[in-house]
Structure formats: structure tokens, C-alpha cells
Number of protein chains: 2
Amino acid sequence: MCPISEHADNCLLCKAKRPGWFCNLSPQALAEYDAMSSHVMLPMGSILFTEGQPARSVSVVCEGRVKLTRSSRDGKTLLVKIAKPGDVLGLSAALAKTPYEVTAQAIEHAQIKTFQQSDFLHFIQRHVEGSLHAAESISKEYRSVLSDACRLALSSSIAGRVAHLLLELAVEGGTDMNAQPEIHLPFTHEDLASMLGSSRESVTRVLNNFRRTGVISIKGTRLKILRKDALEILL
Amino acid sequence: MCPISEHADNCLLCKAKRPGWFCNLSPQALAEYDAMSSHVMLPMGSILFTEGQPARSVSVVCEGRVKLTRSSRDGKTLLVKIAKPGDVLGLSAALAKTPYEVTAQAIEHAQIKTFQQSDFLHFIQRHVEGSLHAAESISKEYRSVLSDACRLALSSSIAGRVAHLLLELAVEGGTDMNAQPEIHLPFTHEDLASMLGSSRESVTRVLNNFRRTGVISIKGTRLKILRKDALEILL
DNA sequence: ATGCAATTGTGATGTGCGTCACAGTTGCAT
DNA sequence: ATGCAACTGTGACGCACATCACAATTGCAT
């Protein structure tokens, strides 16, 4: 049973540990919501949608991670976000009634719950709670992308951008920022470079520099920030 | 009289030529909306709010332009957007219930319509049309900032970024893209540099280069794109 | 006109980092 | 074990651009 409202325990949103998304609806709205959704499996590597495509669906990630990217003509790619369970895909396209603005690719075996865009829009037109959730969601996306833009524009040095990103990931990760936060970094240097608008080699060098100077430590996919202050002065 | 719904002609939103924002509401909702708003004059240069401040209001620009910026510790500034009549300020802060994420400063004598944040939130909780409008608005902001981020991350050369920005401004300006679009450019090179994460001198050089090679022409604040193709290959 | 501030133009200089090239490493599949 | 692919590490090199310094132009106030 979902801890928030009283619907059955087959709600993948609740299993997804981020029940905020349309789970605390009135039972009646919830029933409607469940009825119009369909459940889709995405094998690893499969592409859910591509930037520029007309948007026809809205989806919620239930399991696995989905990479959102945007590419330029000459093959460079910006990694916009790694969507995790509870994140919504295709929302801004639906609300602004425009084509998808990013490409979504499952980087793990993933499960999603999807809605026909028209059904979704119709739903939020009839349930304020729904449209408020939607508005709140993209607000957060907006802020996150704005931070990205600032990182790209304002930290001139690559070291600064890496520092900024690490601190942001640490806050987001929710570990205690006053101690030495530990981050789960499921990214290759290539990925990081793609988030930072930089090159793989530069990221490698900066990270090693940080490690050698005792600012961070890395064990496999766990990264620990040893000297937060050192990162902060680089911003 | 507002051409869209039947409220009195003192609606500054309608005068603001962007009546989409909460003007096509039911007459009853509209009355409520008008009642809770207050009208504020902003002298040129005055600051409406500052990044990091707790957000207490939502405003709609009626006249004049408002500069939205975000700064880094060392004094660099990213120009996020120039808000024009019809644009909304403080919306994402209200919806995400977070502090203001940018600083808003009137760069001309401006008039705005403002709401207490709590009033505004209460209003959209009771009127779906309102929350849908809100959702649509930040969706557009989101897409715009995403484009900015891409420009910053993907176009390695400054020339590429300038080209990208000019084309974007041209599309936004709504002139015929098949001919030679003319853009109103009310920005100093300093402003442009601040949007592009670059330096004033570089912008000057690129712009002059474009001019000398017959790609653009500039007369005062009007810029005409003579060879769109030349700009496009720089992306 | 005349002065002053803001904006724009342009050279010279140094450097950060993108790019290329290749060498280690890791980890997964069989 | 063994091979292969993906990832990481590191040197060398060159150039685009930030920075500095100052000159020229514009525009606005009086």
C-alpha cells in the first residue's frame, strides 16, 4: 500500500521512492491516472525519444537511469541530466507544446510509466493538483539547467567547473555537507566532460590534480570531498 | 476592453500585448486576479529582487525592460534574460518554493503588476487555468535556458556562440527567417559578452569580423543578417 | 558647442586547454 | 586465462581567447 494515499501497492511511482509525482492525488484522480498510463520496459541503450521529434508522450521513470542529452551539428554532446526513478520525461515538451528538446536514452535496463501526451494534458486540465505538480517539476528542472548555464558561463577554468559540479552533486546527493560528503559518481570522465563542455583529458587531469593535492579521494565509483574549502575557492 | 475576455480596459497585461498571461480567465477568476494584484513603478536602475533572497512576490512586467542576471563570487555576471512586457518574474521561485535564483533590475523605467507569493499560489491552486499558464510559462523559460546552456557548452568558438545567439534572437524577433532578418539589438557588447560567457573585446572583434565579411550589417541598434548560411556553418 | 561618461575599436602578450597520439588499466565475456 | 573493448593517464603542441592598455567614437547633458 502506498504510504501517501490509499491506492494499491502496484504503483510503480511509489516503489520508485519518489512518491511526490502524482501519488498524493485524490483516490478518484489516482484511479483515472493509473487507468491512462501504460507500462514500458526499456532495454539498456534503447532510445525513448530524440530531440526535435514531435512530442507524443510523457513518462515517469520507475527503474533504471535515462540519459538526457542534446547534440550540436558537429557531434558534440551536452549531457543535460541523468534521470533517475521518479523523474519525468517529456514534460516541458508537453506543456510548451513543442517537440522534444533533448534525446532520452536508457543507460541501464529501465522501466517507465508512459502517458499519451493528450491524455496527460487532459488529465492536468481537470486536476489542479496535477498541473501544480507539473509546474513544480519543471521549475526544478529550470533551476537545475540555470545552474548548469552559470557553471558553463561563469567558471572560466575547467578546475572551477569541476569543483562546482562536485559540490552540486554533493548537495544533491544529500550527504552531510559539514563533514566530508561522499558522492556516488556513476559517470565516466567522458560524461563529466560532456556536462562541463570540456574534454575528457582535461577532466582526468583536474580530477587527478585534486586527488594528488588531497582535495578529494576516489574509490571506484565513490568520491569523497576531503577539503570542501579548497573546491569553493575555485568557483 | 480586452479583446480576449470581457474585463475592463485597465488591464495592463492586455496593454502589454501579451494577453496570454492570465487574461483569458473566466470573468470571475479574472476579477479575483485583479483584486489581489498591486501596481508598482520601478525607476530605471532599481532592483526588484536579488538572487538568494527569500521569494515573496510574483510579478508581471507591464512596461519597460527588466534585466535578469546571476553572478559568481568573483564578480562575473551571466545575463540570463531581458524580461519584456508580458514576462513573469519570480515564478519559478514561487512554484519550487525556493529563494530567487536571479537578480532582477529595471534597465528602463518600468511598470509591473505584483502579487504576494502566497496570494498567487493560493490563486493557482483554485484555478486550473492559472496553474496551466504557470506551467507553460516556466516550460518556455526552461527551454530558453537549456538553449543557453547548449550554446555555452557546445559552440567551442566565440564566433560560433555569437552566430548562435544572433540566429536565436532573429527567430525570437519573429522576422521572416527566409529573407534577411533584422534584429533589434538593445545590448552593449558587454551585455552580449555576459550572455555568452566571453569578454567584451572578443565580442567586438567577432561582430566586426562578421560585418567586414558581409555576413551582417549594423545600423545603430538594428542588426541585419545578410548571410544566414554563413552564420549557420559556424554552429 | 563643449565636456564627460559610456561604449567601441585594436594591438600586444601570455596561457589554458583542446587536440592528437599513444601507453597503461580495468573489467567483462568466453 | 585470455582477449578485447572501454576507460583512464600523460606528454607535446598550437591556437583561440582572456587580459591589459590605450585610443577613438558615440551620445547625452548643459
Side-chain angles (χ1 to χ4, degrees), chain A residues 44-45 67 72 74-79 105 107-109 151-166 185-213 216-223 234-235, chain B residues 44-45 67 72 74-79 82 105 107-109 151-166 184-213 216-223 234-235:
Chain A
M44 170 173 167
K67 194 193 233 180
S72 67
D74 63 333
K76 284 191 169 190
T77 293
L78 174 65
L79 201 167
Q105 179 178 32
I107 53 173
E108 298 169 351
H109 177 80
R151 189 175 40 243
L152 290 164
L154 301 177
S155 337
S156 36
S157 77
I158 299 298
R161 292 193 212 169
V162 174
H164 195 151
L165 180 60
L166 291 181
L185 251 195
F187 306 117
T188 67
H189 295 178
E190 189 82 47
D191 285 336
L192 294 171
S194 173
M195 298 189 214
L196 298 168
S198 171
S199 69
R200 204 259 312 157
E201 294 91 327
S202 293
V203 171
T204 299
R205 279 187 248 263
V206 167
L207 244 26
N208 284 333
N209 182 343
F210 283 175
R211 201 147 42 95
R212 275 197 287 269
T213 53
I216 61 172
S217 71
I218 305 179
K219 272 209 199 80
T221 160
R222 311 292 305 172
L223 182 150
L234 285 173
L235 301 190
Chain B
M44 169 173 168
K67 193 193 235 181
S72 66
D74 63 334
K76 284 193 169 189
T77 294
L78 174 65
L79 201 167
I82 301 276
Q105 179 179 31
I107 55 173
E108 297 168 352
H109 177 81
R151 190 177 37 247
L152 290 163
L154 301 178
S155 337
S156 36
S157 78
I158 299 298
R161 292 192 213 171
V162 174
H164 195 150
L165 181 59
L166 291 181
H184 181 223
L185 250 195
F187 306 117
T188 68
H189 295 178
E190 189 84 46
D191 285 337
L192 294 172
S194 174
M195 298 188 213
L196 297 168
S198 171
S199 70
R200 204 258 315 155
E201 295 92 325
S202 293
V203 171
T204 299
R205 280 187 248 263
V206 167
L207 244 27
N208 284 333
N209 183 344
F210 284 174
R211 201 148 41 95
R212 276 197 286 270
T213 54
I216 62 172
S217 72
I218 306 180
K219 273 208 199 80
T221 160
R222 312 291 307 171
L223 181 150
L234 284 173
L235 302 189

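What's counted below: heavy atoms across the whole structure, side chains too, no hydrogens, waters or symmetry copies. Chain identifiers are assigned alphabetically (A, B, ...) following the order of the sequence lines, protein sequences preceding nucleic acid strands; residue numbering begins at 1 within each chain.
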Nearest-Å distance for atom pair [atom1]/[atom2], residues [X] and [N]:
{"X": "A:Phe210", "N": "D:dG9", "atom1": "CZ", "atom2": "C1'", "result": "17 Å"}
{"X": "A:Lys219", "N": "C:dT25", "atom1": "NZ", "atom2": "C1'", "result": "19 Å"}
{"X": "B:Leu192", "N": "D:dA18", "atom1": "CG", "atom2": "C1'", "result": "17 Å"}

Can you tell me how far apart [atom1] ([X]) and [atom2] ([Y]) are? Round to the nearest 0.5 Å.
{"X": "A:Leu196", "Y": "A:Ile158", "atom1": "CG", "atom2": "CD1", "answer": "7.0 Å"}
{"X": "B:Ile82", "Y": "B:Gln105", "atom1": "CD1", "atom2": "CD", "answer": "10.0 Å"}
{"X": "A:Leu223", "Y": "A:Arg211", "atom1": "CG", "atom2": "CZ", "answer": "9.5 Å"}

Query raised in the report: Partners of A:Arg161 by salt bridge (charged side-chain N to carboxylate O under 4.0 Å, His left out), sequence neighbours excluded?
Result: none

Query raised in the report: Who are the side chain to side chain contact (heavy atoms under 4.5 Å, CB included) partners of A:Ser156, not counting sequence neighbours?
Result: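 For A:Ser156, the residues satisfying side chain to side chain contact (heavy atoms under 4.5 Å, CB included) (neighbours in sequence not counted) are B:Lys76.
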
Query - side chain to side chain contact (heavy atoms under 4.5 Å, CB included) against A:Leu234, all qualifying residues, sequence neighbours excluded - result: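 Partners of A:Leu234 by the side chain to side chain contact (heavy atoms under 4.5 Å, CB included) criterion, ordered by chain and then number, come out as A:Ala159, A:Ala163, A:Phe210.
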
Report each atom pair, protein N/O against N/O of nucleotides 25-30 of chain D, whose distance is under 3.5 angstrom.
none

Query raised in the report: So what is the end-to-end bend of the helix from C:dA1-D:dT30 to C:dT30-D:dA1, with 5 pairs used at each end and the value given to 10 degrees?
Result: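 The angle separating the two end axes equals 50°.
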
**Report entry** Test side chain to side chain donor-acceptor pair (under 3.5 Å) applied to B:Asn208 and B:Arg205, step by step
**Finding:** CA-CA 5 Å; B:Asn208 284 333; B:Arg205 280 187 248 263; over 6 Å; no

Query raised in the report: Which heavy atom of A:Ile216 sits nearest a heavy atom of A:Leu207, and at what distance?
Result: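 Looking at all heavy atoms of both residues, the shortest contact is CD1-O, 3.8 Å.
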
Query raised in the report: Can you find a heavy atom in the side chain of A:Glu201 that is under 4.5 Å from one in the side chain of A:Thr204?
Result: no

Report task. Determine whether B:Ile218 and B:Leu185 make a side-chain contact, defined as any pair of heavy atoms from C-beta on separated by less than 4.5 Å. Result -> no

Report task. Would you give a per-nucleotide map of nucleotides 6-22 of chain C, 5' to 3', where B means the base has a protein non-hydrogen atom under 4.0 Å away, S means only the sugar-phosphate does, and - means neither? Result -> -SBBBBB----SSBBB-

